[in-house]
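Remember, it's 1-based here, ligands and their atoms both numbered in the order they're listed.
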Amino acid sequence: MSESVIAEKPFDQYAVIGHPIEHSQSPRIHAAFAKASSQRMVYEALLSPLDGLAQTWATLRANGGRGANITVPFKVEAMALCDQLSDRAELAGAVNTLSVLADGQVRGDNTDGAGLVRDIETNAGWQLAGQRVLLLGAGGASAGVLGPLLAAGVAHICIANRTLAKADKLAAAFAGMGSVSTAASSALAQSNDSASYDLIINATSASLQGKSIDIGASWYRESSAVYDMMYGFDTAFLAWARGQQISRRRDGLGMLVEQAAEAFYVWRGVRPDTQALLSSLRAELD
Ligand code: ATR
């Protein structure tokens with residue numbers, strides 16, 4: 001007598017592709033989402049050679065890959081892998097989520113801004129609508145969040161960057177979506193002639209170099225909120241804010257978890273609960 005064997009559907013394959021990649025929390029986050037929502041999928045971290053993004057993605061696809069997250073330094077380059085782009089990826093000029101559609105086409109999306117907005121509004125409980133935002137940096141991280149911040153109804157965004165021309169270019173690209181101005185980072189140390197800012201978001205990589213950004217007292221109030229997109233360590237920028245008695249301070253761990261949840265939703269059509277995971281990651285990192 002032979003046993004009947006029911007063929008199980010294979011696990012769908014996903015990955016995060018970056019360079020470096022060993023410290024990525026994404027495999028852990030997606031494994032937790034998959035478990036909690038009973039999704040049959042696996043998610044791994046793939047180190048891509050700096051000149052080998054297309055090959056790494058091709059190999060993942062050949063092995064049955066259904067999608068990938070793209071991280072530093074490949075988010076702009078990944079646009080070239082896409083047959084189609086979501087509006088938010090097009091606006092950001094960068095892709096952090098690739099999906100293989102039913103017809104084999106590759107769709108690029110960008111969930112970073114949605115992750116930031118959700119972390120600020122839902123997790124931190126800070127209002128965005130009507131607020132004046134000072135956005136530090138004009139690289140890919142800033143480009144990814146400008147559209148969603150403006151769509152959330154902020155009153156004004158000032159993009160401040162060391163290289164003013166990069167801030168001006170970004171401001172011009174987003175001017176049609178709302179009120180956007182620019183400043184040179186060097187001007188932040190001096191007095192600000194207009195009103196102070198309600199929220200300061202650090203989207204520079206200064207924290208990675210252990211550096212803060214010099215901001216004079218007229219740019220903020222004690223009641224302002226300060227957000228650093230970095231996470232996993234006490235950044236010099238958040239330490240500065242603490243020193244200014246600014247009590248509303250937040251790092252980027254919630255943004256990381258929320259952009260992952262949004263990517264998971266894009267792939268699986270299921271919106272995972274983020275609260276339990278965020279609490280346990282927070283407890284571990286603290
Ligand atoms: P990402 O994709 O993470 O945004 P990026 O495109 O290299 O990375 O951009 C890094 C941003 O951090 C830039 O805005 C950069 O300023 P410049 O455009 O003038 O180079 C900013 N940045 C990096 N180190 C900085 C520092 N020590 N102080 C202030 N800004 C810094």
| said: Tell me whether the rings of H30 and Y43 are parallel (<30°), tilted (30 to 60°) or perpendicular (>60°). | reply: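 Taking Y43 first and then H30, their aromatic rings lie parallel (interplane angle under 30°).
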
| Y220-W240 aromatic ring centre distance below 6.0 Å |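 Yes: the rings meet the under 6.0 Å criterion.
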
| query | Are the charged groups of R88 and D112 less than 4.0 angstrom apart, N to O? | reply |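 Answer for the salt bridge query: no.
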
| field | Residues R132, D198: salt bridge by 4.0 Å N-O rule | value |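 No, this pair does not count.
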
| message | Is it the case that atom CG in N63 sees more than 12 heavy atoms from other parts of the structure closer than 6.0 Å? | response |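 It does: N63 CG has more than 12 such atoms within range.
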
| field | Stepwise side-chain contact (heavy atoms from CB on, under 4.5 Å) check, I159 with S181 | value | CA-CA 6 Å; I159 308 168; S181 65; over 6 Å; no

| Measuring from each atom of ligand 1, which residues have a heavy atom under 4.0 Å away? |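 Within 4.0 Å of ligand 1, protein side: G137, A138, G139, G140, A141, N161, R162, T163, K166, T204, S205, A206, Q209, K211, I213.
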
